[in-house]
A.B. asks: 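The structure is given below, and queries will be raised subsequently.
Numbered from 1 within each chain, the chains take letters A, B, ... in sequence-line order.
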Amino acid sequence: MSMRTHTCGELRAADAGAQVALCGWVDSVRDHGGLIFIDLRDRYGLTQCVFDPQDSAAAWDAAQSCRSEFVVRIEGEVRGRPEEMVNVKIGTGEIEVRSLAIEVLNKALTPPFPLEDREAELVSEDLRLEYRYLDLRRTGMQRALMARHHILQAARTYFDEQGFVEVETPILTKSTPEGARDYLVPSRVIPGMFFALPQAPQQYKQLLMVAGLDRYVQIARCFRDEDLRADRQPEFTQIDVEMSFVDADDVMAMVDGMLARVMAAAELPAPQLPLPRMTWREAMERFGTDKPDLRFGMEIVDLGEVFSATAFKVFARVLEAGGVVKAVNAKGLAQATIKTVEEDWTGLAREGGLGGLAYIRVQEDGTWKSPIVKFFSDAERAGLQEALGIEAGDLILFAADKAEKALPVLGRIRLLAGALAEAIPADVFRFTWVTDFPLFERNDEGRLVSVHHPFTAPLAEDVELLETAPEKVRAQAYDIVLNGTELGGGSIRIHDPKFQARMFKVLGLPEAEVQSRFSHLLRALEYGAPPHGGLAIGADRLVMLLTGGHSIRDVIAFPKTQKSVDLLMDAPAQVDDKQLRDIHIRLAVTPTAEGGGAAAKPE
RNA sequence: GGGGCCGUAGCUCAAUUGGUUAGAGUACCAGACUGUCGAUCUGGGUGUUGCGGGUUCGAGCCCCGUCGGCCCCGCCA
């Protein structure tokens, strides 16, 4: 008989009578003194194996010494269970294996934490990460990894069917001037020079379009040396796409199809295609963010009309100065605590540069309780009522300032209010495209920088504003958003070398820097670059959202901690002096062994 | 760089105002048990209260420092 004849998730009533061999981990031992039950587990499922001293005294004896997580091979005969003994919780619950022999292939130490999902999910994450190979043994984690596999496989298959070619681009590449901090790799051969790990395969995929590949896709690893969040890891995976001879609609339609396939692969309801679209301006006006969560209402309402002639000086002054008065109706939150409204949310408004946050609590009897209502005319009250659909129990939150300040604040409060009111369903998936982003923004120093990246093409009708009013120029850029999370984004690229040079000039990049950083791309554009565009989707975030996870660490096999430490491998770590000499590096700090060897402390 | 939460048995947590021998559940170990499937019953505490220092007659608890984990802001073209 072979090592194993079946998996632990395979046997059914129809297999009764079969002689089988199963291999796996001991999930649990229930020793009744006479009878012993061992649940044997592998990736495929759980099978109950019964040891009776009358069947085989030797096997029964060996089973007695089995402990959790031992790796064993069991031979026996499949037996149907009487109806009252069927276990409906597991797929193999209608059978059991009458065990005639058991071989311990490997013993196991007692796991440092329970491997049962129900309990393991409460265990501190650093312990799980230190013993990730045990954590990944859990059903829940295996399900997440399987979902990831199916989702990425569906995306690959889809793009293959659509004629895309998967091309691998270098991991050792060149540092880019803008964007995130690069991970650097010193060159041994050329002293003092460094490779950078790619933040994205952006320029390579554009060069592949110049090369005539026409349709490119890659499940690409990307690296960014920035601080982490629940949805950000220093290395992450993108579904990276680029297409030639397309416009923005073509790219979005292609990705619509992919997302529909991916939803099916994740066994989730199909979204209606085409996925909805809105412009960046509309997203900001209605939701106060460029990644709107469409799972609930509480949209931002403009009250410029209502208060156009108001006697309330605070609003009047703002409107006169070209500002806006906006509000959100936090439905049903009139009972929100003073702390929530006047400390937490008002504090948030102040952080966002607002003077404060006005509000109205609508009492159960319909009366308005508010420090500011007394300044409103009857017409203004009626206007508010109408514009915000005010009902008993509502909480109205006002922001009056420049639109760029008021909208983001209300956008954040809308999310908090939605969560507080439990108005955001967890099992609903609402996609939207956000299009027509601004091409540029001002950074801290007031310098013009690309919102997306410097290869993004502007909308044709805005090109004439490039030099005169660059901040008004909209980009042929689009983000795909799911449930308030930015899944990915892309753009139509500039394919005309003269235009690309013009763009660098508008950005104020010195000629020398353009040459040293982008000469390869500019030269490539000189040799017949097709019009092209594409996008990249954050694979980890996509899988996280579709599996209901709260952190991308839940869908990455071996993630890093918030300090970018790998607790399992204990990386980063010190290296030998010889290794440093080879790469011409001398340390300016003395590494210390504290914190498990991963912490380096300045002298 | 900044704000917040956390660190007590293998795990999850408790421990009154600073009080004498640091507990519970579970895991684990031993014994019992022939139909369990989160088995059950009996017995057993296995501890550098993250680490270092301070205050105190006395510190898990207070103070200072430090290490680590998580969430957020900044940052992430």
A.B. asks: Would the A/F37 and A/H32 ring centres measure less than 6.0 Å apart?
C.D. replies: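 Aromatic pair counts; centres sit under 6.0 Å.
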A.B. asks: Confirm from the modelled atom types if A/R229 and B/rC70 form a donor-acceptor pair under 3.5 Å, side chain to base only.
C.D. replies: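 No, the side chain and the base share no sub-3.5 Å donor-acceptor pair.
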A.B. asks: A/R412 has an atom CZ; how far is it from atom P of B/rC73, in whole Å?
C.D. replies: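 To the nearest whole Å, that distance equals 6 Å.
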A.B. asks: Can a side chain N or O of A/K563 be found less than 4.0 Å away from OP1 or OP2 on B/rC67?
C.D. replies: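 So the side-chain polar atoms of A/K563 never come under 4.0 Å of the phosphate oxygens OP1 or OP2 of B/rC67.
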A.B. asks: Within the 4.0 Å heavy-atom criterion, would you say A/D126 contacts the bases, only the backbone, or no part of the nucleic acid?
C.D. replies: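 Result for A/D126 = sugar-phosphate.
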A.B. asks: Does the base of B/rG69 carry an N or O that pairs as donor and acceptor with the side chain of A/R128 under 3.5 Å?
C.D. replies: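 No, the side chain and the base share no sub-3.5 Å donor-acceptor pair.
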A.B. asks: Give one of base, sugar-phosphate or nothing for A/Q54, where a contact means two heavy atoms less than 4.0 Å apart.
C.D. replies: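 Since a base atom lies under 4.0 Å of A/Q54, the category is base.
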A.B. asks: With P as the reference atom in both, quote the distance from B/rC29 to B/rA39 in angstrom, rounded to an integer.
C.D. replies: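 Rounded to whole Å, the distance is 14 Å.
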A.B. asks: Output yes when A/E125 and A/R132 qualify as a salt bridge under the 4.0 Å nitrogen-oxygen rule, no when they do not.
C.D. replies: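 Salt bridge between A/E125 and A/R132, a charged N being under 4.0 Å from a carboxylate O: no.
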A.B. asks: Using a heavy-atom cut-off of under 4.0 Å over every strand shown, decide if A/L127 touches base, sugar-phosphate, or nothing.
C.D. replies: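 Contact class for A/L127: sugar-phosphate only.
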A.B. asks: Considering only atom P, compute the distance from B/rA9 to B/rA24 and round it to an integer number of Å.
C.D. replies: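 That atom pair is separated by 15 Å.
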A.B. asks: Quick one: does A/K505's side chain get under 4.5 Å of A/E511's, heavy atoms only?
C.D. replies: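 Side-chain contact under 4.5 Å: no.
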A.B. asks: Rounded off to whole Å, could you give me the CZ-to-C1' distance for the A/F37 and B/rG35 pair?
C.D. replies: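 One finds 4 Å between C1' of B/rG35 and CZ of A/F37, rounded.
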A.B. asks: Quick one: does A/R30 reach the base of B/rG35 with a side-chain donor-acceptor pair under 3.5 Å?
C.D. replies: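 No pair found.
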A.B. asks: So what does A/E116 hit on the nucleic acid, given a heavy-atom distance under 4.0 Å: a base, only sugar-phosphate, or nothing?
C.D. replies: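 Sugar-phosphate: the residue A/E116, judged by heavy atoms under 4.0 Å, touches backbone atoms but no base.
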A.B. asks: So A/R79, base contact, sugar-phosphate only, or nothing? Heavy-atom distance under 4.0 Å.
C.D. replies: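 A/R79: base contact, heavy atoms under 4.0 Å.
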A.B. asks: Identify whether any heavy atom of A/V449 sits under 4.0 Å from a base atom; if not, whether one sits that close to sugar-phosphate; answer base, sugar-phosphate or nothing.
C.D. replies: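 It contacts nothing in the nucleic acid.
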A.B. asks: Centroid-to-centroid, A/Y216 to A/Y204, below 6.0 Å?
C.D. replies: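 So the answer is no for these two rings.
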A.B. asks: Give the rounded distance in Å between these two atoms: CD1 of A/I36 and C1' of B/rA32.
C.D. replies: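 That distance rounds to 13 Å.
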A.B. asks: Please work out if A/D31 contacts a base, only the sugar-phosphate, or nothing of the nucleic acid, heavy-atom cut-off 4.0 Å.
C.D. replies: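 Base contact.
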A.B. asks: Between the side-chain atoms of A/R232 and the base atoms of B/rC76, is any donor-acceptor pair under 3.5 Å?
C.D. replies: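 Present.
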A.B. asks: Would you say the side chain of A/E119 and the base of B/rU26 hold a donor-acceptor pair, judged only by whether the two atoms sit under 3.5 Å apart?
C.D. replies: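 For A/E119, whose side chain was compared with the base of B/rU26, there is no donor-acceptor pair (under 3.5 Å).
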A.B. asks: Hey, does A/R181 reach any base, or is it just sugar-phosphate, or nothing, if we go heavy atoms under 4.0 Å?
C.D. replies: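 Nothing: the residue A/R181, judged by heavy atoms under 4.0 Å, touches no strand.
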A.B. asks: Return the stacking result for B/rA39 and A/H32: yes when the ring centres lie under 5.5 Å apart and the planes under 30°, no otherwise.
C.D. replies: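 Here the ring of A/H32 and the base of B/rA39 are stacked, with centres under 5.5 Å and planes under 30°.
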A.B. asks: With rounding to whole Å, what would you report as the distance between B/rG35 and B/rC41 at their P atoms?
C.D. replies: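 The answer is 16 Å between these two P atoms.
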A.B. asks: Does the distance from a Lys or Arg side-chain N to an Asp or Glu carboxylate O, for A/E235 and A/R224, drop under 4.0 Å?
C.D. replies: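 Judged by the 4.0 Å cut-off on N to carboxylate O distance, A/E235 and A/R224 do not form a salt bridge.
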A.B. asks: Across the strands shown, which category fits A/Q48 at heavy-atom distances under 4.0 angstrom: base, sugar-phosphate, nothing?
C.D. replies: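 Base: the residue A/Q48, judged by heavy atoms under 4.0 Å, touches a nucleobase.
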A.B. asks: Under 4.0 Å between any heavy atoms, over every strand shown, what does A/E96 touch: base, sugar-phosphate, or nothing? Just pick one.
C.D. replies: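 It contacts base atoms.
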